[in-house]
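All values below were derived from every heavy atom in this structure, side-chain atoms included, with hydrogens, water molecules and symmetry-related copies excluded. A note on names: the letters A, B, ... follow the listed sequences, proteins ahead of strands, and every chain is numbered from 1.
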2 protein chains.
Amino acid sequence: MDFTSESAVTNADKTYIQLRNDIVEGRITAGTKLSEVELSTNYSVSRAVIREAINRLMACHLVERKANVGARVVTLSPEGLEQLYQVRESLEGMAARLAAKHMTDQEIADLQQLLNAHFDKQVQAGESYYQEAGDVDFHYRIIQGSKNQHLISVLVNGLYHLVRMYRVQLGMAGPRVTTAFDEHLHIVKAIANRDEELAEILMRRHILYSKNNVQTKLLNHSNLKGQ
Amino acid sequence: MDFTSESAVTNADKTYIQLRNDIVEGRITAGTKLSEVELSTNYSVSRAVIREAINRLMACHLVERKANVGARVVTLSPEGLEQLYQVRESLEGMAARLAAKHMTDQEIADLQQLLNAHFDKQVQAGESYYQEAGDVDFHYRIIQGSKNQHLISVLVNGLYHLVRMYRVQLGMAGPRVTTAFDEHLHIVKAIANRDEELAEILMRRHILYSKNNVQTKLLNHSNLKGQ
DNA sequence: TTTTAAAACTTTGTCGACAATATAGAGAGC
DNA sequence: GCTCTCTATATTGTCGACAAAGTTTTAAAA
């Protein structure tokens, strides 16, 4: 699940990752003010490393800071979700295009095998499996397959944490399991055929569908909370 | 030129901007090791603010850091340029699409007027004008016109500094002046017609052309340096 | 002469204290 | 009773010093 296998050598690294997970997974709720002293006692580190962690969280749009005032965890909103998925559509579409160009035959074979494995598990677990891990795995591999460092960095180190935050906090389970799987199949097929154009189009459409799905969920969510 | 009109309230802000400019404009050459103590004396601030500045520079891909070793200014390469422009193509294409949807009529009118003004200056200055300021202005407005915060942040606060670095350090003057202007005209026309699809296609093509132009320049550049 | 290991040194990572800015509260004036 | 100002308090921004990790130098052994 922590699909980046990021190496945390320094103390600031570890604190950043901890804090990030606590935010993404809702243990620190959206909109909360982040007090540096409070955090430094909670995480048992000095304010300096907390500040560095917060700076990194700003870089991936998980917190916002106003000078001399402080940092707050971002708040989730339908507009934010819309905009996030627009960027995903754009970047991951390009990633699929580049993956069709740059992935090795071996990598493509591995990807197909991954889908097969997920399909098996899905059958076993009664369709409830292919919701989180499988999807993330799939998208992550294609992003890596683009072999584009900027793309990889912006998506994996940046936006994907926010994506995960929306997913977790909206309690992503639900339909769209099987259909998403089929879409993944078609995308891989296009990549295997080295059809860059089609790979991009299919990926964009896939994310567009995904957006609509998540958006309705968000609306239900806020409706429930509103009552 | 400093088209972001970013507000630098804190000392770290100012130092970040100074350092960034010194890197982008080549006063600190690509590949240089960034010594924290040396910088802190040069910029007359403590190591803490230097560290914060370096962290922000990492976020926009202008420096890379290895833990316990130090930070280096990135080195420019044909591959890096290619990858950078692939991301630009993707994101700015989406920006144009969204601009066609979300820009107000007034904003579009302003944009057309901007192009006209640039055209006049271009005639006066004998075609050498429309190389930097005009181009940046144009792209910046469309990015803003997308009204997508993530898009704006990734491009303006992130990748565009690297784009500028390539431009400055390759000494961007040269042809492609008039053709780029025409392409801009067509893009604005598509936006004015609210033709999202076409706006995206034209912008992507525009950046693709631009990439090819810059790439040949980079090749010449490295050839010259190699001799 | 080459290789290896240890010690000296340089650089980064972390910390606690001080300075500057913003927020909250009390009190005076209207 | 309300508003405005001034003061007190709390929080962030900045600094210099110490700790830890990496790098270079030096010297000894093969």
Item to check | Per B:Arg65 side chain, nearest of listed nucleotides C:dT23, C:dG13, D:dG13 | outcome: C:dG13

Next on the checklist: Taking the nucleotide of DNA chain D with the nearest heavy atom to each, does B:Val45 or B:Val69 sit closer to the 5' end?
Outcome noted: B:Val45

Next on the checklist: Distance check needed: D:dG13 P versus A:Glu52 CD, whole Å only.
Outcome noted: 15 Å

Checklist entry - Would you call the rings of A:Phe138 and A:His184 parallel, tilted or perpendicular if under 30° counts as parallel and over 60° as perpendicular? => result parallel

Item to check | Atom-pair distance (CZ on A:Arg51; C1' on C:dA17), nearest Å | outcome: 15 Å

Item to check | D:dT12 OP1/OP2 closer than 4.0 Å to side-chain N/O of B:Thr10 | outcome: no

Checklist outcome for this item: Taken to the nearest whole Å, CG/A:Leu39 to C1'/D:dT12 is 13 Å

Checklist entry - Can you tell me if the side-chain N/O atoms of A:Lys33 get under 4.0 Å from OP1 or OP2 in D:dT12? => result yes

Next on the checklist: Once you apply a heavy-atom cut-off of 4.0 Å, does B:Leu34 come out as touching a base, just sugar-phosphate, or nothing?
Outcome noted: sugar-phosphate

Next on the checklist: Please confirm whether the shortest side-chain N or O distance from B:Ser46 to OP1 or OP2 of D:dC15 is below 4.0 Å.
Outcome noted: yes

Checklist outcome for this item: Between A:Lys66 and A:Asp13, the residue closer to the 5' end of DNA chain C by nearest nucleotide is A:Asp13

Checklist entry - A:Arg47 side chain N/O closer than 4.0 Å to the phosphate oxygens (OP1, OP2) of C:dC15? => result no

Checklist outcome for this item: To the nearest angstrom, the CD1-C1' distance between B:Ile50 and D:dC15 comes to 13 Å

Checklist entry - Is it the case that B:Arg20 places NZ or CZ above or below the six-membered ring of B:Tyr16, under 6.0 angstrom from the centre and within 45 degrees of the axis? => result yes

Next on the checklist: Closer than 3.5 angstrom, by distance alone: can the side chain of B:Arg194 be matched with the main-chain N or O of B:Ala100 as a donor-acceptor pair?
Outcome noted: yes

Checklist entry - B:Arg72 has an atom CZ; how far is it from atom P of C:dT12, in whole Å? => result 11 Å

Item to check | Interatomic distance where CD belongs to B:Glu36 and P belongs to D:dT14 [whole Å] | outcome: 16 Å

Checklist outcome for this item: CG of B:Leu98 to CD of A:Glu82, rounded to nearest 0.5 Å, is 8.5 Å

Checklist entry - Just by modelled atom types, is the B:Lys147 backbone N or O under 3.5 Å from a matching donor or acceptor in the A:Gln83 side chain? => result yes

Checklist entry - When the distance from CG of A:Asn55 to P of D:dG13 is rounded to whole Å, what number comes out? => result 9 Å

Next on the checklist: What is the separation between atom CD on A:Glu38 and atom P on D:dA10, rounded to the nearest whole Å?
Outcome noted: 14 Å

